[in-house]
Amino acid sequence: MDITDTTDDTSGSDGTAGTARREVFARLVETVSAVDDTVDVSRLRLDETPFHSYGLTSVTQLRVGARLAELFGIPFRDSDALLAMSPLGLVTLVERRLAGAA
């Protein structure tokens, strides 16, 4: 499976921010695959492409958001998953929640 990150992941001098971002994105891809097997996850990119362009429904977005919140132990509302309208938006939101929990 090719997981493409089109963002700059050099934000941390030791590379940890980029590593965390890739880890969150990898979990997102795995979760999408588990939740909706009709979505071609090989097309998912860590960018601003809207989820609906990949074939995700709002229900799938809700399920993915809830699962990521569970995996990472972060607070999450249903509206969070819907307002983060792209893979990059959702990964960024998870990163921010993780940073707030640290």
Side-chain angles (χ1 to χ4, degrees):
M1 169 183 347
D2 175 34
I3 300 174
T4 303
D5 177 352
T6 60
T7 61
D8 177 17
D9 68 355
T10 58
S11 54
S13 59
D14 61 358
T16 55
T19 301
R21 176 165 280 199
R22 286 190 299 273
E23 174 69 18
V24 174
F25 182 62
R27 298 293 78 78
L28 181 148
V29 171
E30 289 172 1
T31 302
V32 169
S33 179
V35 168
D36 187 345
D37 63 0
T38 66
V39 175
D40 179 3
V41 294
S42 70
R43 294 181 51 230
L44 288 175
R45 301 290 180 262
L46 185 54
D47 62 15
E48 290 291 339
T49 302
F51 281 121
H52 68 82
S53 294
Y54 296 116
L56 275 76
T57 65
S58 56
V59 172
T60 301
Q61 280 181 250
L62 290 170
R63 293 176 67 191
V64 169
R67 179 67 181 137
L68 288 177
E70 181 182 312
L71 285 170
F72 289 101
I74 57 173
F76 223 75
R77 296 181 307 269
D78 287 346
S79 60
D80 293 335
L82 296 176
L83 292 173
M85 299 178 65
S86 68
L88 181 58
L90 189 53
V91 167
T92 300
L93 180 61
V94 170
E95 287 179 313
R96 288 180 183 153
R97 297 283 165 83
L98 287 170

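Everything numeric here is computed off the predicted structure, so don't read it as measured data.
No donor-acceptor distance shorter than 3.5 angstrom exists from the side chain of Tyr54 to the backbone of Ser86, with no hydrogens or angles considered. Not one N or O on the side chain of Ser33 forms a donor-acceptor pair closer than 3.5 Å with the backbone of Val29. Judged by distance alone, with hydrogens and angles left aside, the side-chain atoms of Arg97 form a donor-acceptor pair with the main-chain N or O of Pro75 at under 3.5 Å.
Under the 4.5 Å side-chain criterion, counting only non-hydrogen atoms from C-beta, Leu28 is in contact with Leu44.
Rounded to the nearest 0.5 Å, atoms CZ (Phe25) and CG (Leu90) are 10.5 Å apart. We find the OG1-CD distance between Thr92 and Glu48 to be 7.5 Å, quoted to the nearest 0.5 Å. Asp40 contributes atom CG, which lies 11.5 Å from atom CG of Asp37 (distance to the nearest 0.5 angstrom). Annotation: the span from Asp78 atom CG to Gln61 atom CD amounts to 11.5 Å, rounded to 0.5 Å. Distance check, rounded to the nearest 0.5 Å: OG1 of Thr57 to CG of Asp36 gives 6.5 Å. Rounded to the nearest 0.5 angstrom, His52 NE2 and Met85 CE are separated by 6.0 Å.
Gly55 approaches Val39 most closely through the heavy-atom pair O-CG2, 4.1 Å.
Using a 4.5 Å cut-off between side-chain heavy atoms of Ile, Leu, Val, Met, Phe, Trp and Tyr, with links allowed through other members, Leu98 and Leu88 fall into the same hydrophobic cluster.
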Give the table of side-chain donor-acceptor pairs shorter than 3.5 Å for residues 62-71, with sequence neighbours excluded, one pair per line with atom names and distance.
unit_1, atom_1, unit_2, atom_2, d
Arg67, NH1, Glu70, OE2, 2.6

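Screening Arg21, Arg27, Glu23 for a side chain to side chain contact (heavy atoms under 4.5 Å, CB included) with Val91, the sole residue that qualifies is Arg21.
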